[in-house]
Amino acid sequence: QDNINLFRKNHGITIGGEVVPEPIQNWNDLQKQYKINYNLLENILKSGYELPTPVQMQAIPAMIERHEVLACAPTGSGKTMAFIIPLIHYILTTSPKWKNKQSSKTEKIKGCLVRCLVLAPTKELAQQTYKEALKLTVNLEIECTSLDDYGESSKTRADLLVATPNKLLELLKSSKHKINLSHVEWIILDESDRLMEEGINAERVGFRQQIKSVLDYCGQADNKNSHLRRAMFSATLTELVYQWAMQEFKDVVNVRVGAKNT
Ligand code: ADP
Ligand code: MG
């Protein structure tokens, strides 16, 4: 335990939460500890990044062990891969929750079913994240979708959907494109500091209200979706969002890299 704490300290990692998994020290630990898919490991190694970054070291095992995660690390510190890798591992190692439902009852599930949802504040960021997801899913049977090419698609499932709250809500409200979030298993708020911003007035609805609507579609409000797990990744964190997440998240793990900032 002392060694682990020293390792964290040497990498500028501060943690919070009752149970926090050991950080991985290198990519091969993912295979050793979590038996991650060989092709996924290959895709990670192909990126040419020799070692995980500190936020990746701690956030990846936390998400793999199904903790809800609140992560704060500087811009450019590799937060995207820190959540995409565990999502891919999750998709590969579990079956969709809607399956149980369908077999047990005759309830008909309609639309494009989403398993993992990543929200980013801008279209450009969403596009970048989508591209990273595509690279990491080469040779894997995973359906990644970005809303830009969702268009008139008649997809029936999206293992991983990357979207801006704006565009997503627009499509959720339109009748043509049925996106079904009722069985989402992971939702990631990337750049969550921006996604949690309040609106300025009724006309300019802030991200926060949009996020609340999206979470409602995911069945969070009335606990209809007990499978839902949430994670937030950001470069900065306001005290308010921190307090909210630490209280609200299940089995929360807080990862902070570098100096405390608000
Ligand atoms: P953040 O979201 O924290 O601002 P990004 O996920 O956008 O950072 O990553 C910033 C850059 O670092 C990207 O070019 C990304 O490919 C690269 N990167 C990601 N993981 C690693 C790693 N383990 N080692 C080196 N570079 C990495
Ligand atoms: Mg980022």
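Start at 1 and go down the list; that is how both ligands and their atoms are numbered. It should be emphasised that the depicted structure is a prediction, and the values quoted were computed from it without experimental measurement.
Heavy-atom neighbours of K250 NZ from other residues, nucleotides or ligands within 6.0 Å: above the threshold of 12. The environment of K46 atom NZ is dense: over 12 non-hydrogen atoms of other residues, nucleotides or ligands sit within 6.0 angstrom.
Legend: residues meeting side chain to side chain contact (heavy atoms under 4.5 Å, CB included) with V20, ordered by chain and number and at least two apart, are R8, I15, Q58, V253. Residues that satisfy the side-chain hydrogen bond (donor to acceptor under 3.5 Å, both in side chains) test with Q25, not counting sequence neighbours, are absent from this structure. Not counting sequence neighbours, the partners of E248 by the side-chain hydrogen bond (donor to acceptor under 3.5 Å, both in side chains) test are R230.
In this structure, C144 and I142 have side chains that are in contact, with non-hydrogen atoms separated by less than 4.5 Å.
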Considering only N or O atoms, set out every pair between ligand 1 and the protein closer than 3.5 Å, with distances to one decimal place.
from, atom 1, to, atom 2, distance (Å)
ligand 1, 3 (O), S77, N, 3.1
ligand 1, 3 (O), G78, N, 3.3
ligand 1, 3 (O), K79, N, 3.1
ligand 1, 3 (O), K79, NZ, 2.8
ligand 1, 4 (O), G76, N, 2.6
ligand 1, 6 (O), K79, N, 3.3
ligand 1, 6 (O), T80, N, 3.0
ligand 1, 6 (O), T80, OG1, 2.6
ligand 1, 8 (O), G78, N, 3.1
ligand 1, 16 (O), Y49, OH, 2.5
ligand 1, 20 (N), Q56, NE2, 2.9
ligand 1, 23 (N), L51, O, 2.8
ligand 1, 23 (N), Q56, OE1, 3.0

